[in-house]
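Residue numbers start from 1 in every chain, and the chains themselves are labelled A, B, ... in the order their sequence lines are given, proteins ahead of strands.
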Protein chains: 2
Amino acid sequence: MEKENPKMEQIVSLCKRRGFAWQGSEIYGGLGAVWHFGPLGVEMKNAIKRHWWATFVTRRNDIVGVEGAVLMHPTVWKASGHLESFTDLLVECKKCHRRFRKDHLQSGKFIGGKATEPMQCPDCDSKDWTAPKDFNLMFKTFVGPVEDEASKTYLRPETAQSMFTDFKLVLDSSRQKIPFGIAQIGKSFRNEITTGDFFFRSREFEIAEIEYFVKPGDDEKKFGEWLDLWKKFYLDLGISENKLREYEHPKESLSHYSKRTVDIEYKFPFGWSELAGVANRTDYDLSQHEKFSKKDLHYFDEQTGEKYIPYVIEPTMGIERIMMVAIVDGYKVSDGSDAREKGEVVLGLSPVIVPIQVGVFPLIKKDKLPEIAREIAEKLLQRRIRSFYDEAGSIGRRYRRQDEIGTPWCVTVDFDTLKDDSVTIRDRDTLKQERVKIEEIENYIFAKLNLS
Amino acid sequence: MEKENPKMEQIVSLCKRRGFAWQGSEIYGGLGAVWHFGPLGVEMKNAIKRHWWATFVTRRNDIVGVEGAVLMHPTVWKASGHLESFTDLLVECKKCHRRFRKDHLQSGKFIGGKATEPMQCPDCDSKDWTAPKDFNLMFKTFVGPVEDEASKTYLRPETAQSMFTDFKLVLDSSRQKIPFGIAQIGKSFRNEITTGDFFFRSREFEIAEIEYFVKPGDDEKKFGEWLDLWKKFYLDLGISENKLREYEHPKESLSHYSKRTVDIEYKFPFGWSELAGVANRTDYDLSQHEKFSKKDLHYFDEQTGEKYIPYVIEPTMGIERIMMVAIVDGYKVSDGSDAREKGEVVLGLSPVIVPIQVGVFPLIKKDKLPEIAREIAEKLLQRRIRSFYDEAGSIGRRYRRQDEIGTPWCVTVDFDTLKDDSVTIRDRDTLKQERVKIEEIENYIFAKLNLS
C-alpha cells in the first residue's frame with residue numbers, strides 16, 4: 001500500500017465519478033468557482049458539520065450556536081470595515097483585458113492557472129498592466145422593490161458579524177458568562193478575482209467560526225489554547241502531521257481588525273494552502289458596532305462589578321477545506337504489496353466524517369440473506385450509524401466500491417449467519433475480518449468509534 | 001392545561017427571550033424580513049433538518065441527497081422560466097410611494113400590516129395606484145470582477161434547479177433507477193415585496209425539496225403518494241389534524257411549470273397559510289434544460305429499452321415553517337388545573353425536533369451529585385441524545401425553564417442516587433416521575449423515541 005501524494009486530477013476524477021463533488025451549473029459550461037456536492041459529498045459535508053458542532057458546541061458548556069443571515073443591514077459592513085477594507089488589488093492586462101489579483105501575479109503563481117513570471121499575464125504573456133485598484137470582494141445585491149443606494153447590501157463574506165451584532169441577544173437568552181463563545185456554521189460568499197484548485201477556493205462556501213469572548217488581558221493566553229485545539233481537530237481526523245504547519249501573519253499584513261493571526265496550512269498538491277486560522281480580533285468589532293448602532297455592547301461582570309468591551313479570539317475553518325484535506329490526505333493506491341490488487345484506491349478517512357460508516361451486504365441474493373442484511377442496516381440507522389445496504393455485484397467488487405469512498409467497516413451476512421446469528425465485519429485498513437454476533441454489531445461499531 | 005390559540009406576540013416574545021429567533025441586524029433597526037436564530041433556535045433547526053433527512057433520504061433506498069449552490073449560471077433561470085415568470089404584480093401608491101403586491105391589496109389583507117379595505121394603502125389610506133407592473137422576486141448580483149450583463153446572475157429562489165441540471169451527474173454516480181428521487185435542503189432567497197408574520201414569510205429561508213423522477217404516466221399516482229407522506233410528516237410531529245387542510249391550486253393560477261399543485265395549510269393566528277406543497281412539474285424542467293444546454297437529459301430504461309424524459313413530482317416544505325408550526329401548535333399555558341401553576345408555559349414539541357431532549361440536574365450542588373449528573377449528560381451526548389446539564393436555581397425553576405422550551409424529559413440526580421444508582425425521570429406531558437437505573441437511562445430514552 002502506498003500513501004502517495006495524489007495528483008489533483010485523480011482527486012477531481014474520483015470526486016466526480018463517485019458523487020462527492022462536481023462543478024456547479026456544469027451543463028451550461030459551469031459557473032466560475034462554484035461547486036455542487038453529490039450524494040456522497042453532501043453526506044460527508046453533513047458528517048463534518050455534525051462532528052464540528054458536537055466537538056465545539058454540543059459537548060462544551062461554554063459555547064452556544066447561532067444562525068445569522070447571509071443578508072445583513074448595510075451598516076453592518078460599514079461598521080465592520082468590510083466596505084472599505086475587504087478588498088484585493090486588481091490589475092487589468094492592457095493587451096487581453098483579463099483581470100487578476102496583483103499579489104497573485106507578483107508571486108508568479110496564478111492560482112488555478114499556469115505558473116508564470118512575476119507580473120506576466122498568464123493568458124497572453126503581456127507585462128503591461130493598468131494601475132492597481134481596490135476591488136471589494138463582497139457580492140452586491142438590492143433588498144426590496146426599489147433598486148437604489150438605500151436598498152443596496154451585500155452577501156456576507158464571513159459569518160462573524162452576526163455574532164457581534166447579536167452579542168447582547170445571545171447573552172440575555174443563554175445565561176452565559178465571560179469567557180464564553182458563540183459558534184456558527186454557514187454559507188459565505190466572496191467574489192474572488194482569481195479562483196481555482198477544485199473546490200479549494202470557491203466563491204460560495206461554508207465556514208465554521210467561533211467568536212470567543214474574553215476579558216481584555218486574557219486574550220493572548222486564550223489565543224494559544226484555541227490554536228492548539230484547532231490543530232488537534234485536524235490531527236484527530238488523522239491528517240498527516242508532517243503536512244501541517246503554522247503560518248504567522250507578519251504584523252504589517254494583518255487584517256484591519258486583527259492583533260495577531262495564525263493560519264494552519266496543509267501541503268496540498270498545489271502547494272501549502274490555508275485550512276484554518278485563529279485571529280485575535282481584540283475589541284474592534286464590538287466597539288465599532290457600539291459606535292455605529294449607538295447601543296451599549298459592554299459586558300457587565302457581576303462578580304467584579306467591572307464593565308468592559310470583551311476581546312474576541314476567533315478560530316475559523318472552511319467546511320469544504322476539511323472535506324478536501326481529508327480526501328487528499330486519505331487517498332491511497334495499492335502497490336499490490338497487500339491483499340489488494342495494484343491500483344486499487346482506498347480513501348483512509350476518519351470514521352466520524354465518512355459518508356458511509358458501515359456497508360451491509362448479503363453474500364448472495366438468496367436464502368433470506370438480503371432480508372437479514374437489510375434489517376441490520378436499518379437497525380444501525382436507527383442508532384444514528386450511517387449504514388448502506390448493497391447487494392449488487394460480487395462481494396469483492398462491493399468491498400472495492402466501499403474502500404474507494406472510505407467506508408471503514410463492511411458487514412457481510414453469509415450462510416453461517418443462518419446458523420450462528422453472526423456476521424463478518426471487515427476492516428478497511430487492516431483488511432482483517434472478525435466474526436461478530438448480530439446483536440453485538442452496534443456496540444462493536446460504537447466501540448470502534450470511541451464512543452462507548 | 002389549556003391548549004389555547006396563542007397570539008403571535010406571545011410566540012415572538014418567547015422566541016426572543018429564550019433564544020429561538022429574533023430579527024436580523026436588530027441593533028441597526030433590522031433588515032426587513034430577515035431573521036436570525038439563537039442558541040435554541042439553531043439546535044431546533046438542526047434537529048428538524050436531521051429528522052427530515054433521516055426520514056426522506058437516509059432511511060429510503062430510492063432517494064439520494066445533493067447540495068447545489070445558491071449561485072448558478074444565469075441561463076439556468078432563463079431555461080427554468082424564472083427570469084420571465086417568477087414575478088409578482090407590483091403597484092405603487094401615488095400619494096406615499098410605498099410599493100405593494102397587488103394581490104395582497106386586493107384581498108384586503110396586507111400581510112404584516114393592518115387589515116384595510118381592498119386596494120386601500122395600508123400606510124396613507126389613499127386608493128390611487130400606479131398601473132401594476134411585473135416585479136421579479138429573484139435577488140440580482142454580479143459574479144467576477146466586471147459588473148455587466150454577462151456577469152449578472154441571481155440568488156436561487158428554490159433549490160430545485162440544481163437537481164434538474166445535475167440529473168445525469170447524480171444518475172451516473174449513484175446507480176439509481178427510475179423511480180427515484182433527489183433531495184436537497186438549502187438556503188433560498190426571494191425578494192418579497194410585502195413580508196411579515198414573524199419568520200413565516202422571509203426573504204431568506206431554508207427549503208427542503210425532493211425531485212422525484214417517474215415514468216410519464218406514473219405521475220398522478222405518485223403525486224397522491226407524496227401528498228399522503230407529506231401530511232403524515234406533520235401529523236407524526238404531533239401537529240393538530242383539525243388545523244391542517246389541503247388547498248388545491250385552481251388550474252388557471254398554477255405556476256408556469258405545474259400540471260397540479262396542492263398546498264398543505266395550517267391555521268396560524270394570522271390565518272390559513274402554506275406550510276408545504278406538492279407539485280407535478282411534468283417533464284417541463286428537464287425538457288427546458290435539454291433545450292437550452294443542448295445536452296441529452298433523456299433517461300434510458302435498461303429493462304424496457306425505452307428512452308424518455310421523466311416526469312417529476314416535487315414535494316417541498318420550508319424548514320423555518322416546520323419550526324414555526326411546531327412552536328405555535330405546541331404552545332400551551334396552564335390554567336392551574338394540573339400540577340402546574342396558572343400561567344406556566346409548556347411547549348409540546350415532538351421529542352425528535354426539540355432543541356434539548358433531556359435536561360440533567362443534580363438536586364443540589366454538593367455531595368458528588370453534580371459530577372454524577374454531568375457524567376450522565378455526557379454519556380447521553382455520546383449516544384447522540386441531546387442532553388443539557390443545568391445546576392442553577394431550584395429544581396422547580398429548572399423544570400419550568402425546560403417546559404417552556406419543550407424538553408420532554410428531565411433527569412434528576414438526588415441523594416438516593418448515591419445509594420441505588422438510580423435517577424428520577426420526569427415526563428413533560430404527564431408530569432409523572434419514574435425511577436430508572438443510571439445504566440438504563442439511554443435505553444429508556446431510545447424506547448421513548450421509538451427507536452429501539
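The greatest number of non-hydrogen atom pairs below 4.5 Å with chain B, out of Ser293(A), Gly38(A), Gly30(A), Ser25(A), is found for Ser293(A). Per-residue heavy-atom pair counts under 4.5 Å with chain B were compared for Asp166(A), Asn136(A), Thr58(A), and the maximum is reached by Asp166(A). Among Val170(A), Ile182(A), Thr153(A), Val143(A), the residue with the largest count of heavy-atom pairs under 4.5 Å with chain B is Val143(A). The most heavy-atom pairs under 4.5 Å with chain B, out of Gly24(A), Ser174(A), Gly144(A), come from Gly144(A). The candidate with the highest count of non-hydrogen atom pairs below 4.5 Å against chain B, out of Thr165(A), Val64(A), Val34(A), Val57(A), is Thr165(A). Put simply, of Ala79(A), Pro39(A), Gly19(A), the one with the most heavy-atom pairs under 4.5 Å next to chain B is Pro39(A).
The shortest side-chain heavy-atom distance between Phe20(A) and Ser173(B) does not fall under the 4.5 Å cut-off. Taking the side chain as every heavy atom from C-beta outward, Lys49(B) and Met44(B) never approach each other to under 4.5 Å. No side-chain heavy atom of Leu89(B) sits under 4.5 Å from any side-chain heavy atom of Phe135(B). Between Met72(A) and Ser162(A), some side-chain heavy-atom pair lies under the 4.5 Å cut-off. Here the side chains of Glu43(A) and Trp53(B) are in contact, with some heavy-atom distance below 4.5 Å. The side-chain heavy atoms of Trp35(A) and Gln23(A), taken from C-beta on, include a pair separated by under 4.5 Å. A 4.5 Å side-chain heavy-atom check between Phe164(A) and Ser80(A) finds every atom pair outside the cut-off.
Both the backbone and the side chain of Phe292(B) come within contact range of chain A, with heavy atoms under 4.5 Å apart. Contact of Ile27(B) with chain A is made through backbone and side chain together, with heavy-atom distances under 4.5 Å. Using a 4.5 Å cut-off between heavy atoms, Asp296(B) makes no contact with chain A at all. Of the atoms belonging to Lys140(B), heavy atoms from both backbone and side chain fall under 4.5 Å from chain A. Of the atoms belonging to Leu71(A), heavy atoms from both backbone and side chain fall under 4.5 Å from chain B. With a 4.5 angstrom heavy-atom cutoff, Gln176(B) does not touch chain A via any of its atoms. Residue Asp88(B): no heavy atom, backbone or side chain, is found under 4.5 Å from chain A. Interface residue Asn61(B): only side-chain heavy atoms are found under 4.5 Å from chain A. Contacts between Phe139(A) and chain B at a heavy-atom distance below 4.5 Å involve backbone atoms as well as side-chain atoms. Neither the backbone nor the side chain of Gln184(A) comes within less than 4.5 Å of any heavy atom of chain B. Both the backbone and the side chain of Leu169(B) have a heavy atom closer than 4.5 Å to some heavy atom of chain A. Heavy atoms of Arg374(B) lying under 4.5 Å from chain A belong exclusively to its side chain. Looking at Leu40(B), neither its backbone nor its side chain comes within 4.5 Å of chain A, counting heavy atoms on both sides. Only the side chain of Lys45(B) comes within less than 4.5 Å of a heavy atom in chain A; its backbone stays farther off. Only the side chain of Asn46(A) comes within contact range of chain B, with at least one heavy atom under 4.5 Å from a heavy atom of that chain. When heavy atoms are compared at a cutoff of 4.5 Å, Arg190(B) does not approach chain A at all. Proximity to chain B is limited to the side chain of Glu442(A), based on heavy atoms less than 4.5 angstrom apart. Proximity to chain B is limited to the side chain of Arg50(A), based on heavy atoms less than 4.5 angstrom apart. For Glu92(B), no part sits under 4.5 Å from any heavy atom of chain A, backbone or side chain. For chain A, no part of Glu290(B) is nearby; none of its heavy atoms comes within less than 4.5 Å.
Asp285(A) and Gln161(A) share a side-chain donor-acceptor pair at under 3.5 Å.
In this structure, Glu204(A) contributes its side chain and Val70(B) its backbone to a donor-acceptor pair below 3.5 Å. Remark: the backbone N or O of Glu378(B) is not paired with any side-chain donor or acceptor of Arg59(A) at under 3.5 angstrom. In this structure, Arg99(A) contributes its side chain and Pro145(B) its backbone to a donor-acceptor pair below 3.5 Å.
Rounded to the nearest 0.5 angstrom, Ser202(A) OG and Leu31(A) CG are separated by 11.0 Å. Atom CZ of Arg175(A) sits about 12.5 Å away from atom CG of Asp172(A), to the nearest 0.5 Å.
Screening His289(B), Lys78(B), Lys295(B), His73(B) for a side chain to side chain donor-acceptor pair (under 3.5 Å) involving Tyr28(A) leaves a single residue, His289(B).
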Pair Glu147(A)-Lys152(A), salt bridge (Lys or Arg N to Asp or Glu O under 4.0 Å): steps then yes or no: CA-CA 7 Å; Glu147(A) 206 169 280; Lys152(A) 184 161 94 174; over 6 Å; no
